[in-house]
Amino acid sequence: MSKAPVRTDKTCLNCRHVVENRFCPNCGQENVSVRKNFYHLFVHFFEDLTHYENAFWRTIKNLITKPGSLTSEYLSGKRMSYLAPIRLYIFISFVTFLSINLLPADSEAVTVDTGKQTKAGKIDVETAKKNAHNLVSDLAKDNKIGKKEADSLKNFIASVRKSDDDISVGFFRDEAKTLEEYDEKIKKMPEAEKPPAIEQMFVRKSIELNNRYTGRELQERFFETFKHNLPKVLFIYMPLFAFILWIFESKKKYYYFDHGIFTLHYFSFLLLMLLLEHLFSWFFFVTGLEGYTAVEVIYSIFVLGLLLYSFYYFFPAHHRFYKTERVITFFKGIFIFMINCFLIILVLTGMALYTFYNIK
């Protein structure tokens, strides 16, 4: 409840009902002025944050320290005490992927202005290659190495630079350099030997992109687009994860909705672990501590701990919510993990193909 004075007008701004006290008896809206100065806006923000914090931090605490209990309590009817599962997932997902995009955790993610966007880590490599070429020329000019050795070294440096840019695009690579060459090649092939239509579609896209970008540019565009699509992939995959749980659990005791709530909480936890790992990595990067051996060891132990706990988390969560014996939970959990690993590979492969084909 805000501390703003009550409006003299007794008509609710939301539903036009008569308001005798502070809150409308019809819709519940507070009958205070909607136009406030910056001070009131600032105070209102912290009041909302504090109010939100009560449920939020209680939810986060239970989510991390009591696997499965949050789902059990939410479905038992204790919904005002915790953040709604879908709101929790959206909030954690938003913060996690925003942090990954805004807070660089390594030098590869830092860009500098050199006439075009280039990764900082790559500039030194390119400069070193050019310097190596110039050094060989100077050595040859001073007669410190023979012409044959100089040419050999220059050819080697040139091949390294070429191969560095000439990144293969996998199974869709073809000897044809242009779309016209490829179409001509397909026309000359016997009907029985022609590749499937979908393969031709991706090969054409590969040729088009290779003519438009260097290998490194194509690689960067692909991973940047793929990274931005990951939240969508997770959101699409969650109903499938819940469906697998529905297959293995009692249909009489649990509805698909129950598995969906369990899935939202579980994926929120996984994203929270990813956020902690990234913030930890970012902290060491910005403080310049990442080069020290002791710090690297601490970081490795921390990340290993997060990975092990993330793997372990599913078993007590499943045991606590579905109330199965620990042995059954263990074997069922392993089997569910195997199925999900297979499905995740299929989903990520499909997403990779979709991302590749939609590169502009």
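Predicted, not measured: the structure shown is a model, and the values here were computed from it.
Less than 6.0 angstrom separates the ring centroid of F280 from the ring centroid of F302.
Using cut-offs of 30° and 60° for the angle between ring planes, the F321 and F262 rings count as parallel.
Partners of F248 according to the ring pair (Phe, Tyr, Trp, His ring centres under 6.0 Å) rule, which considers only residues two or more places apart in sequence or in another chain, are F335. With sequence neighbours excluded, no residue satisfies salt bridge (Lys or Arg N to Asp or Glu O under 4.0 Å) with E181. Residues passing the ring pair (Phe, Tyr, Trp, His ring centres under 6.0 Å) test with F257, sequence neighbours excluded: none. The side chain to side chain contact (heavy atoms under 4.5 Å, CB included) search around F94 returns L98, not counting sequence neighbours. For F314, the ring pair (Phe, Tyr, Trp, His ring centres under 6.0 Å) partners are Y266, H318, F337, not counting sequence neighbours. Every residue meeting the salt bridge (Lys or Arg N to Asp or Glu O under 4.0 Å) condition with K194, not counting sequence neighbours, appears here in chain and number order: E191. In this view, E20 satisfies the salt bridge (Lys or Arg N to Asp or Glu O under 4.0 Å) rule with no residue, not counting sequence neighbours.
At a threshold of 4.5 Å between side-chain heavy atoms, the hydrophobic network of Ile, Leu, Val, Met, Phe, Trp and Tyr places M189 and V203 in one connected group.
In terms of heavy atoms, G28 sits closest to F23 at O-CD2, 3.5 Å. In terms of heavy atoms, H259 sits closest to A242 at CB-O, 3.6 Å.
Residue pairs meeting the salt bridge (charged side-chain N to carboxylate O under 4.0 Å, His left out) criterion with at least one partner in residues 340-349, sequence neighbours excluded, are absent. Within the structure, salt bridge (charged side-chain N to carboxylate O under 4.0 Å, His left out) pairs that include any residue of residues 238-263 comprise E249-K332 (at least two apart or interchain).
Membership of the apolar cluster around L304 extends to L308, as traced through chained side-chain contacts below 4.5 Å between ILVMFWY residues.
No donor-acceptor distance shorter than 3.5 angstrom exists from the side chain of E208 to the backbone of L179, with no hydrogens or angles considered.
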Contacts table for residues 63-71: side-chain donor-acceptor under 3.5 angstrom, sequence neighbours left out:
from: T65; atom 1: OG1; to: K61; atom 2: O; distance (Å): 2.6
from: S69; atom 1: OG; to: K66; atom 2: O; distance (Å): 2.8
from: T71; atom 1: OG1; to: H265; atom 2: ND1; distance (Å): 2.8

Please output the side-chain donor-acceptor pairs of residues 348-360 that fall under 3.5 Å, not counting sequence neighbours, one pair per line with the distance.
from: T349; atom 1: OG1; to: I345; atom 2: O; distance (Å): 2.6
from: T355; atom 1: OG1; to: M351; atom 2: O; distance (Å): 2.7
from: N358; atom 1: ND2; to: Y354; atom 2: O; distance (Å): 2.7

